[in-house]
Amino acid sequence: MEDFVYYGELYDLYQELFTEKQKKYFEDYYFDNLSLGEMSDAYDVSRNAIFKQIHITVAKLEEYEDALHLYQKKKKLEEALDFSSIDDVKKRIEDVL
């Protein structure tokens, strides 16, 4: 379950970097909770082809995050909002940037 949340958050950050087919398969699988069989029937494509596209998309999400660290930066900025002192918030933001 944690993977679904993590990949969903990464997808929110990087979705514009994917093809329409990759987006549809990913969204159907991760957000709409469709099975590979249901997707295979809906798109008239083999389950294996859909699985491969989802696997490629997940690998690219990890690759983009390893290179750009947008998810990590977002989490650090969210943590900064928990500080009560404005100076602590500024310091945390400076650390992220």
Side-chain angles (χ1 to χ4, degrees):
M1 184 62 161
E2 286 181 24
D3 285 346
F4 271 72
V5 173
Y6 176 67
Y7 290 127
E9 290 187 34
L10 288 183
Y11 182 78
D12 287 343
L13 294 168
Y14 301 113
Q15 66 182 299
E16 296 305 319
L17 301 173
F18 294 103
T19 67
E20 289 304 314
K21 180 169 62 172
Q22 288 171 320
K23 288 180 188 180
K24 186 64 181 155
Y25 291 170
F26 185 90
E27 291 171 10
D28 282 352
Y29 187 75
Y30 279 91
F31 299 149
D32 299 334
N33 203 28
L34 296 180
S35 70
L36 296 176
E38 291 170 321
M39 294 167 63
S40 174
D41 291 342
Y43 300 118
D44 197 31
V45 178
S46 74
R47 289 172 37 159
N48 192 46
I50 292 172
F51 175 80
K52 284 182 181 180
Q53 282 300 313
I54 292 170
H55 182 74
I56 289 168
T57 303
V58 167
K60 285 184 180 264
L61 285 171
E62 292 171 348
E63 181 183 324
Y64 295 148
E65 179 58 19
D66 286 344
L68 301 172
H69 309 289
L70 295 180
Y71 176 79
Q72 290 176 343
K73 291 175 183 176
K74 179 181 176 235
K75 288 297 176 191
K76 288 179 182 177
L77 290 172
E78 288 172 351
E79 289 172 8
L81 296 175
D82 291 335
F83 292 123
S84 58
S85 162
I86 191 70
D87 291 331
D88 290 339
V89 172
K90 286 180 182 179
K91 173 75 172 113
R92 181 63 130 201
I93 291 171
E94 288 172 358
D95 290 345
V96 171
L97 299 176

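Note: hydrogens, waters and symmetry copies are ignored here, and every other heavy atom, side chains too, is used. Note that the structure is a prediction, hence the values are computed from the model and not measured.
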According to side chain to side chain donor-acceptor pair (under 3.5 Å), does anything in residues 60-70 pair up with another residue at least two apart or in another chain? List the pairs.
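Those involving residues 60-70 are Y7-E62, Y14-E65, H69-Q72.
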
Please collect all salt bridge (charged side-chain N to carboxylate O under 4.0 Å, His left out) contacts where either partner lies in residues 5-14, sequence neighbours excluded, each pair once.
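Pairs touching residues 5-14 that pass the test: E9-K75.
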
Determine which pairs satisfy salt bridge (charged side-chain N to carboxylate O under 4.0 Å, His left out) with at least one residue from residues 18-31, sequence neighbours left out, and list them in order.
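Qualifying pairs, neighbours excluded: E16-K23, E20-K23, K24-D28.
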
Let's go through Y11 and F26 carefully: what are the C-alpha distance in whole Å and the side-chain angles of both, what is the deciding distance for side chain to side chain contact (heavy atoms under 4.5 Å, CB included) to 0.1 Å, and is it a yes or a no?
CA-CA 9 Å; Y11 182 78; F26 185 90; 3.4 Å; yes

Under a single-linkage definition using a 4.5 Å side-chain heavy-atom cutoff for Ile, Leu, Val, Met, Phe, Trp and Tyr, are I56 and F51 assigned to the same hydrophobic cluster?
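Each belongs to a different hydrophobic cluster.
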
Taking every non-hydrogen atom, the tightest pair across M39 and L34
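It is CG-CB, 3.8 Å.
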
Work out which heavy atom in K73 is nearest to a heavy atom in L68; give both atom names and the distance.
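So the two residues come closest at NZ-O, 3.8 Å.
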
Run the numbers on V45 and S40 for side chain to side chain contact (heavy atoms under 4.5 Å, CB included), then give the verdict.
CA-CA 5 Å; V45 178; S40 174; 5.6 Å; no

Return the set of residues passing ring-ring contact (aromatic ring centres under 6.0 Å, His included) with Y71 (not counting sequence neighbours), or none when no residue passes.
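Result, ring-ring contact (aromatic ring centres under 6.0 Å, His included) vs Y71: Y6.
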
Can you name the ring-ring contact (aromatic ring centres under 6.0 Å, His included) partners of Y43, sequence neighbours left out?
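Counting only residues at least two positions away or on another chain, Y43 forms a ring-ring contact (aromatic ring centres under 6.0 Å, His included) with Y25.
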
Output the distance between atom [atom1] ([X]) and atom [atom2] ([Y]), rounded to the nearest 0.5 Å.
| X | Y | atom1 | atom2 | result |
| --- | --- | --- | --- | --- |
| L77 | L70 | CG | CG | 10.5 Å |
| T57 | Y30 | OG1 | OH | 9.0 Å |
| D41 | R47 | CG | CZ | 9.5 Å |

With a cut-off of 6.0 Å (strictly less than), are more than 12 heavy atoms of other residues, nucleotides or ligands near OH of Y29?
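Not more than 12 within 6.0 Å, no.
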
Run the side chain to side chain contact (heavy atoms under 4.5 Å, CB included) check on I54 and L36 step by step: do they pass?
CA-CA 10 Å; I54 292 170; L36 296 176; 3.9 Å; yes

Residue list, side-chain contact (heavy atoms from CB on, under 4.5 Å) with S46, at least two apart or on another chain:
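Here the qualifying residues are N48, A49.
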
For E79, what residues pass the side chain to side chain donor-acceptor pair (under 3.5 Å) criterion, not counting sequence neighbours?
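If we apply the side chain to side chain donor-acceptor pair (under 3.5 Å) test to E79, skipping adjacent residues, the hits are R92.
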
